[in-house]
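In what follows, a single structure is set out as structure tokens and then discussed.
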Amino acid sequence: MTTSVSPPETVPEEKAAAHRMPFWVNQRLGLLVLVIALSILFGVLRPAFLDQRLVLFPLLRDVATLTVVALAQMVALSVGHMNLAVGRMAAFGAMFAGLGYDKLHLPMQAGLLLCLAAGAAIGAVTGWLIARTGVSSFVVTLAMDFALLGLVSLMYSALTEDAAFTTRPAGIDALRSYSLADICAGPVCGSPAVPQLAQFTVLAMLGLGFLYGGTRIGRELLLTGANPAAAELSGIPTGRRVLLAHTLSGLLAALAGFMAAAGTGTFRASIGDDFMLPSFLGAVLGGTLLTGGVVSVLGTLLGTALVGVIRKGLDLLGVGLESLNIYLGCILLLALSADRIRAVVSYRKVVRST
Amino acid sequence: MSTIRDQQSRAAAALHRFSRTTTAMLLLVVVAGAVALEVASSGSFFEGPSVRVFLQYLATPILIGLAQMVALCVGQLNLAVGALGGFTACLTGVLMADHGVPAGVAVLVGLLTATAVGLVTGVVIVTTQINGFIVTLATMTILLGAQYRLVGTRTVDGYSATLRDLGTAAPLDIPLVFVTAIVAAVLLGAFMYRTVAGRRLLAAGGNPLAARLSGISTDRQIVAAHTLSGLLVGVAAVTATASLPGVNRSVGGDWLLPSFAAPIIGGVALTGGSIAVFGTVLAAFVTRLIDAARAQFSLDPSWVNLLIGLVVLGTVAGGHLHQTRLAKSTPAPQPGGAR
Amino acid sequence: MNTVLLECHDLVKVFPGVRALDGVGLRLTAGSVHALLGENGAGKSTLIKVLTGVHSPDGGTLAWCGEPVQLRSPLEAARTGIGVVHQERNLIPGFPVAENITLQKPPARRGLVDYAAMTEPAVACLAELGVDLDPDRPVRELSVAQQQLVEIAKALYTESRVLLLDEPTASLSPEETERLFEVVRRLAERGACVVFVSHKLEEVFALCDTVTVLRDGKSVLESSPLADHSHDDIVSLMVGRAHAAAEMRPRTVDRSAAPVLELSGLATAGGHRDIDLAVRPGEIVGLYGLVGAGRSELVKAVLGLDRITAGEVRVHGRPARIGSPRQALHEFGIGYVTENRKEEGVFLEQPIVRNITVTVWRRLARALGFVPPGEERAVAQDLVDRLGIRITGLSQNVGELSGGNQQKVSLAKWLAADTRLLVIDEPTVGVDVRTKRAFHELIWDLAHDGLPILLISSDLAEMVTLADRIVVMTDHRVRGEVDNDRDYDRMSGRIIRLIHDRDAVRS
Amino acid sequence: TYRNAPAPATGQASTAGRTGDGADLADGSGTKVALVPGGAHPYFQPWKTAGAAAKKTYGLGDVTFDETAEWDQQKQNNLLSTLAARGYNAFGVFGVSPTDINTTFADLKSQGFPVASLGSCPAGDTDEADFCLSTDVELAAYKATKAAIEAMGGKGTLVHLTGNNVDANTQLRIKGVARAVKESGGKVKLLQTVTDIDTDLQTAQKAVSDLMAAKGGQITGIVATAYNPAVAAADAVKTSGSRAKVIAIDDDAKILSGIRQGTVTATVVQNPTGQAEIGTWALALLQTKQCTMRDPGVKVDSGSFVVTKANVGDYDKARQEKTKQLKTEFADRYLSCG
Ligand SMILES: Nc1ncnc2c1ncn2[C@@H]1O[C@H](COP(=O)(O)OP(=O)(O)OP(=O)(O)O)[C@@H](O)[C@H]1O
Ligand SMILES: Nc1ncnc2c1ncn2[C@@H]1O[C@H](COP(=O)(O)OP(=O)(O)OP(=O)(O)O)[C@@H](O)[C@H]1O
Ligand SMILES: [Mg+2]
Ligand SMILES: [Mg+2]
């Protein structure tokens, strides 16, 4: 899509951009500006947009979940792979949590751990297959998607009456509906707009940020994605990195599944049905390359938030279904074009100042 | 003196090479699957009506697979395949049913609209330099909205009986829609392998920079690929309109994944530069065989999904073992095959 | 004879953070072979890209046969009559050789590609270079040097009046190089102008008649007759100061020491037979051969990238089964600098710092695998300084570097690593004189400190400078071995004889 | 094309409005009712007109119909809170996920909004909404199967086509069909339940055609309890020349025309108009605090009717009757006003 002569579409790392180009060339900043500008626009058009409890809280809860989904995809993309089974891995993980609560009466944390373990395990199997066979991740994860789709439905049909685990462990309702306002340090309480569910997102982002920003493994993941042949020849165990990426992807998908289940109420088979497109959208909007080697944790959050804000704004404006999607697509394109122009202009500016 | 031997050995080498391609494997799967179904259905699978039904529903997966393949071959993705198809089908249907446009004109308008949408998508990608993934995702969203706006929740069915008849006609039990798809595949294959324009598309996909340096405008190729992709989606939509009991907003809803699955299983790389027309067609056959098996054995869809998944995963793992054994007699794979 | 074909004045091209061209003038006259010289990153490739419409200049003027022109795209440049071989190979991997050669103007009738008509001119162009390649073979199956030859054939096919060759000989051996020179001379006689970029000054003096020297994006010498300048003149013009080669420390090899790497009776799936080879501590063993002799493939087989069908590999005396380059590195301490830097050597879309430190993260890592960015950058900066890599910052993407600087990055990675045996494949492809010297010193010093080195190079001069012994390969077999006495002419004679004696025997 | 005529419905509503004592809405101008279906579907279309009519009849502040939930529980939850932020203060909701919707209802209730579960009841025994006014899904499927068996002459082989397998409502439908088949005492065999083919028309058509090609000879009856399969089945039976009887669901124009043409033997229609009309009215009464639920969480059947060629012209009368009756029931039995 880009050739070497056009300005680079993504900047590999915040530091990288800062070093060579001024901070305002940064793509992430562009996204942040877009998110804020659109929020202000909607806030002006509909002051209710800034209603913390009724608008921002659910918005952020949604963004929190979808960000984790997009992070799961981002991890797979970092090694140049895809995970088409994100949604189903989420369902798979959530199923184990539900099973744990329903049949084993586990406490919430134990169920969560079970869920994560299941997700990581299924991710590991996927990664192992891809690494060992060298078959395109697209094909393997697609097959995995089908297998899990069948397996999850069969398990729910066999184990439950209503195709859902309805037992809710203590504490999960708090996760769903509590916000920072319920956490007080003395007289100072947090904002009612920030859901407690977001703690998982923050944790995931911090973990991945550290992994990709600070550690050897993270760098090796990126190089594996950037050029697998060169990575192998540089002594990077590419097979193991691929395995790790898919394991992490499965784990994050399962976490997202848990969050979605906690957010809506029960653990059911349809969790994750609509995860695939948002997972790519959030990651790619955020600056993660589909071809691997470049990721952005913060960008993933911003990309997801951008879509969430546009949708929420349109909902608030009362746009009906006959126009909603048309506006959604157009606004997205316009917003990105605007950002693109900003990027090109700032690039020119840098060139001129050289 | 050595020419005949040469030719023989060359043919043998070519055969040997072919026997290890994806296409050969798919061919094997298709034949084996068909035979298995024939046995299971105690001989009715190859009977006229069965064959007709089997082929009737192959048209769409083949056409959308080809449409996606064209986008993939220049290194692009087309996420709007389903939405564009659904929109075009609804547009054609509404034009005929609600506005009394003659079938021929409506079909033409449908094809042109799909092509134009493809063209616009390509132009937007090239001019804004926004990732094609995101642009087609946006067009997908817009088209879904437009489709709903056109038909709402109703099913439009009051349209041309001639078109309907053509859609279900099957001389010699070969449905016309299937013939259409095959003709499209053949034409596309000829275009890609034989024409300068087709080779340009492939060159731009294989190495965009090299193509550019050789005077091939990659931008133009991207636009061309999306336009062609749009046209093929248009054909798919028209055949769908002709063979469906009516069109509603659900049409095209299930096209996205199959459109990727066919070419990729058929051997097309996501990175661009490769095509596999025959492979794509065969992959569509394979998926269709699964449908047929599902009906034949009264399988619960959950079991079908589970089995498909496990079989593919098993084949992948088994194929790996086979390859390691093969490797003992041939050069090793290049590093980085894990991509 | 002396018509000016292409002329430019005050060309400026700016990339973020660097003025790649900063006032360059050039005059190309018909019938001449024009040398374009400069250190790595001086702006030669950028100039060529501006002249062929790849980059649009940010300033300056261009004239074709006296008329001002604007070249907006490679296509326009080609139509104007400018042909080019870029420094980086740019072929369509899946297309056959013939189609790649004719890509710019494929023979076609009514929009249909005429494959039959494609083969003949392609084979003719290849034959002119003395290359015998199957025109139907996909180029992805060719070796680096063969691809380079296809690139040149591709440029010949366009029959341009100005032909720009950006380091065409970088990965060619003297034999192919001489063939290319004949072609170039023929073209010049026919009234074309050939621009020749190379870091091998001997070649330049053997071939060219006018010269332009770039330094830091400025032309410090413009279209001047080459005969007016001496070798040292040119070097100091390029470097910007007098250039004195330091003497290398004397080095002796203990021939009695046990070999670190020993191959005996090795045969591979790729076609090698009866390969015997030993590398001792502190020894530099050269592996020489013509293009396609199978040197790179041999090393790859030893490192587990191809199957060994017979014979034995011993590392430190013990039989070793190496499954992958990674295993080779981590278990046996063998580092491998690949010849194919674009595909296997560097990560183009990644920052320089990562490209260099990839092999040392393990060493730098602290608790939880944390790599302290400061130390990481320090390691990288140290190598950048030592090798004189021209960059705007450590976070710059390697893809934005000049070819020679990319090569330096690819080597730097292995210099940073702790290896017990280093295999170096074509280390100085595209590296300028000064840095080549630095490379040589580095390699020499490594060997001096006891590191065994297996050096593959098509640059005979380099072989003679560095190697202690030179093993000659043709056709996937070892033809013999020559002890290096550091006399270029004598060595070259003996090596060529080794290669051709066998040829004579065979035919 | 057929429409659930809004005009007579409103007429009825206003007359019926006077029946129950104290159940006349005093002032609904402060009440803003949101009717939220699970997503876009023909079944919900009458809600739009019925809601608009109710707004006029009762002089409500506003009644909106918002189908942007796209069959995703999380999106629907979001939509509901957005609607609350936009000032809507009473909600009639078709829950996307019957097992999750109670949570959503509880959330809304905790913010003081009256909530009605319309068109579908939460799975399980509890209902956190004020009331549930819905077709008894299992009963409707049972009725449809009964109609099919009758059309088949009491014996033969039956196929059930339906939607998403892992959905509580689908499970209920499967149960309903099974019950009716069981009651035939072995004379009717349920050959297969084909699930997950409601995603789109082509999938449904393909599945049905494949089924007809493989087993067409045996099948004598088809019960479709989802929209796309119903449309596809009617068409497939016609083109394949099978003698199977098709029983469909709902009264979308396409299906009604099938009944008139004879490709569809019967359809089981539900009462979405009644749901929206009564639901809105009751919600308004609750919102204005004029009434309370006597028995919070009560489940009320909004009725289902078998329509065949014989009564295709006037089945709506029966339905309006039922709506009227529902209103009295609410006023007399479920609401406590005054
Ligand atoms: N696309 C690009 N983006 C940014 N900087 C670039 C780009 N291309 C070249 N440069 C910079 O321009 C300068 C000149 O590079 P150029 O490739 O012309 O050097 P060169 O003379 O060909 O060197 P070499 O002998 O190593 O090939 C270098 O500093 C390089 O980093
Ligand atoms: N990936 C490949 N597939 C098929 N054949 C290959 C491949 N790589 C190399 N070859 C062939 O193997 C032969 C030896 O190549 P190799 O790279 O080892 O040569 P070399 O001696 O290193 O010379 P040079 O690298 O200078 O061409 C060449 O004839 C080449 O065509
Ligand atoms: Mg250069
Ligand atoms: Mg080599």
Side-chain angles (χ1 to χ4, degrees), chain A residues 2-22 25 80 207 210-241 289 291-294 346-354, chain C residues 14-20 49 54-56 58 300 303 305 324-330 335-338 340-351 353-355 357-366 368-373 376 392-397 399-400 410 413-414 417:
Chain A
T2 37
T3 49
S4 67
V5 282
S6 61
E9 203 165 336
T10 38
V11 205
E13 208 183 345
E14 248 146 326
K15 275 178 274 151
H19 192 93
R20 203 155 33 91
M21 298 216 194
V25 184
F210 176 70
L211 178 72
Y212 286 107
T215 69
R216 166 172 72 91
I217 307 262
R219 284 155 218 236
E220 293 189 350
L221 285 172
L222 291 177
L223 291 198
T224 302
N227 184 345
E232 182 74 31
L233 286 170
S234 305
I236 295 175
T238 47
R240 257 181 280 158
R241 293 297 164 263
L289 286 187
T291 46
V294 178
S346 46
Y347 178 87
R348 293 239 171 94
K349 231 178 195 164
V350 175
V351 166
R352 229 174 298 132
S353 70
T354 301
Chain C
V14 182
F15 294 114
V18 51
R19 297 180 76 86
K49 284 182 182 156
V54 178
H55 291 324
S56 54
D58 296 313
K300 286 193 170 171
L303 294 184
L305 288 175
S324 68
R326 181 166 46 80
Q327 198 190 6
L329 176 68
H330 295 311
Y336 174 46
V337 186
T338 57
N340 190 350
R341 72 161 175 261
K342 203 167 156 193
E343 273 89 36
E344 297 173 345
V346 293
F347 303 87
L348 291 174
E349 305 291 322
Q350 295 285 328
V353 55
R354 274 191 201 155
N355 266 282
T357 53
V358 53
T359 50
V360 292
W361 288 332
R362 223 170 255 269
R363 205 172 65 213
L364 295 180
R366 302 274 171 75
L368 289 174
F370 178 70
V371 179
E376 189 187 19
T392 50
L394 281 176
S395 316
Q396 196 180 5
N397 278 357
E400 293 169 8
S410 159
K413 158 171 90 182
W414 289 105

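Letters A, B, ... are given to chains in the order of the sequence lines, protein chains preceding strands, and every chain is numbered from 1.
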Checklist entry - Which distance, rounded to the nearest 0.5 Å, do you find between the CG of C:L305 and the OG of C:S324? => result 8.0 Å
Checklist outcome for this item: Scored by heavy-atom pairs under 4.5 Å with chain C, the best of A:A231, A:G218, A:S234 is A:S234
Next on the checklist: Quick check for you: among C:V358, C:V371, C:N355, C:L329, which has the greatest number of heavy-atom pairs under 4.5 Å with chain A?
Outcome noted: C:V371
Item to check | Segment of C:V337 engaging chain A (4.5 angstrom heavy-atom cut-off) | outcome: neither
Checklist entry - With only heavy atoms counted, which part of C:L348 is less than 4.5 Å from chain A, the side chain, the backbone, both or neither? => result neither
Next on the checklist: Is A:L211 close to chain C through its backbone or its side chain, or both, or neither, when contacts mean heavy atoms under 4.5 Å?
Outcome noted: neither
Next on the checklist: If the condition is side chain to side chain donor-acceptor pair (under 3.5 Å), which residues does C:R366 pass it with, not counting sequence neighbours?
Outcome noted: C:E375
Item to check | Nearest atoms (heavy-atom pairs only) where A:E220 meets A:P237 | outcome: OE1-CD, 3.9 Å
Checklist outcome for this item: Between A:R219 and A:G213, the two heavy atoms sitting closest are NH2-O, 3.1 Å
Next on the checklist: Quick check for you: among A:L222, A:T215, A:L223, which has the greatest number of heavy-atom pairs under 4.5 Å with chain C?
Outcome noted: A:L223
Checklist entry - Nearest 0.5 Å, what's the CG-OG1 distance between A:L221 and A:T238? => result 11.0 Å
Next on the checklist: Tell me whether the rings of C:F370 and A:F210 are parallel (<30°), tilted (30 to 60°) or perpendicular (>60°).
Outcome noted: parallel
Next on the checklist: Need one label for C:E376: side chain, backbone, both or neither, based on atoms under 4.5 Å from any heavy atom in chain A.
Outcome noted: side chain
